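Take a look at the structure below.
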Amino acid sequence: MIELQQALLANMADCHPEIVTILSETLQAIASACARIGDIASQGVLADAHGLAASHNSQGEAQKKLDVLADECMSSALARCQHVAGWASEELEYVQASDAHGEQAPLLVVYDPLDGSSNIEANISIGTIFSILPHRYRGAKPGDADFMQPGHQQVAAGYVLYGPATLMVLTCRRGVMVFTLDKRSGLDNPRWVLTQDQVRIPKATREFAINASNQRFWEKPIQRYIAECVAGENGPRMKDFNMRWVASMVAEVHRIMTRGGVFLYPRDTREPFKPGRLRLMYEAAPMALLVQEAGGRAVNGTSELLDLLPDVLHQKVPVILGSKDEIDRIVSYHADPHENVSWQLFKTRSLFVQPQA
Ligand code: AFP
């Protein structure tokens, strides 16, 4: 059985040994924090982890107790890690610079500590998403500007899925690995066993995931794509499709890693100044890197998600990712000038930026 450290050494065999040590120790710190989050989540009510906390996050959304506990697990692990200069969390308004390592450490970490919070009380799968970026301007503690890097600068990215099994899916830009947590190993030295290497997302699929209750707000290219899928054998695609929606992106992406599919949280017209529901840095960019490393594709409709430069820390973007053939098709629908005149207007960059409070 190959464990996390050993698997990382083999995966990064072409890297300088110092880089391997830095990345491997940072990933182990994150993995340990996630084992702890998984343990708290699995105890549910017994760990007083259900229900609302008495607080709101940076976006003004009510926080769940587990959101807060998960954020504490991640931030305290990162504060102890000597390679991490600072971190940004979906749950925190501002970036955090490490007191001890902020000036010299080489890495920044961005994370969503608890993805799919609406699933907690229903005991449905939830997850953690993380992204590791270079700390480029060493000598000073990192601020917001240091985190504004496009997704293709990520050094590593991953998610942990707290489902029937606890899985960590990870890329260090050398393919995608899946680790399963051996829950009997305890929390002091959790054992993550490599259970799949070089994951590939099938190019073709007959499965899509979208919150169909938002249909009336979608733009024409998405209306067309979903209508064609739903028409099945009788429509232009001449084949039947299946639909799934878990409301946890981690679970959704993991299903795509397992058997292919398409995940869409597109731009919609509910709030024109919030182009999409998902966050670029905490959700879209790390998932895009994983999907691309597994042979899939991730776009906002017209551009690759990994090419988008964040304007603000909590920027939201449309997310369309998964099996490559389907994403190519959806991009071609967005490019068709007859499909959607309003889409061309939306492409104005200023509309991508959320007004600051
Ligand atoms: P929460 O963590 O706030 O529950 O949001 C989860 C999520 O960001 C993503 O994981 C889901 O795909 C999406 O939101 C679900 O959104 P809807 O509730 O609008 O379906």
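Atoms within a ligand are numbered from 1 in the order they appear, just like the ligands themselves. Numbering starts at 1 and runs along the sequence shown. Bear in mind that the values here come from a model prediction, so they are computed numbers and not experimental data.
- Residue contacts with ligand 1 do not include Arg279, since none of its heavy atoms lies under 4.0 Å from the ligand.
- At under 3.5 Å, not a single nitrogen or oxygen of Leu278, backbone or side chain, sits near a nitrogen or oxygen of ligand 1.
- In this structure, Lys203 does not pair ionically with Glu326, as no charged nitrogen and carboxylate oxygen lie closer than 4.0 Å.
- Remark: Arg237 does not engage Glu228 in a salt bridge, criterion side-chain N to carboxylate O under 4.0 Å.
- Considering backbone and side-chain atoms together, Trp245 places an N or O closer than 3.5 Å to an N or O of ligand 1.
- By the 4.0 Å heavy-atom criterion, Arg277 is counted among the residues contacting ligand 1.
- With rounding to the nearest 0.5 Å, the separation of CD in Glu3 from CG in Leu194 is 10.5 Å.
- Taking every heavy atom of Phe263 and a limit of under 4.0 angstrom, the matching atoms of ligand 1 come to 12 (O).
- Comment: Arg259 engages Glu207 in a salt bridge, judged by a side-chain N to carboxylate O separation of less than 4.0 angstrom.
- For Glu252, no nitrogen or oxygen atom sits less than 3.5 Å from a nitrogen or oxygen atom of ligand 1, counting backbone and side chain alike.
- Checked against a 6.0 Å centroid threshold, the rings of Phe263 and Trp245 count as neighbours.
- Per-residue contacts place Ser248 under 4.0 angstrom from the following atoms of ligand 1 (heavy atoms of the residue considered): 10 (O).
- Using a 4.0 Å cut-off to heavy atoms of Asn211, the atoms of ligand 1 that qualify are 17 (P), 19 (O), 20 (O).
- Distance SG/Cys172 to CD1/Ile19: 11.5 Å, rounded to 0.5 Å.
- For ligand 1, the polar-atom distance check against Asn214 finds no nitrogen or oxygen pair separated by under 3.5 Å.
- Between Asp325 and Arg329, none of the side-chain N atoms (NZ, or NE/NH1/NH2) sits under 4.0 Å from a carboxylate O, so this pair counts as no salt bridge.
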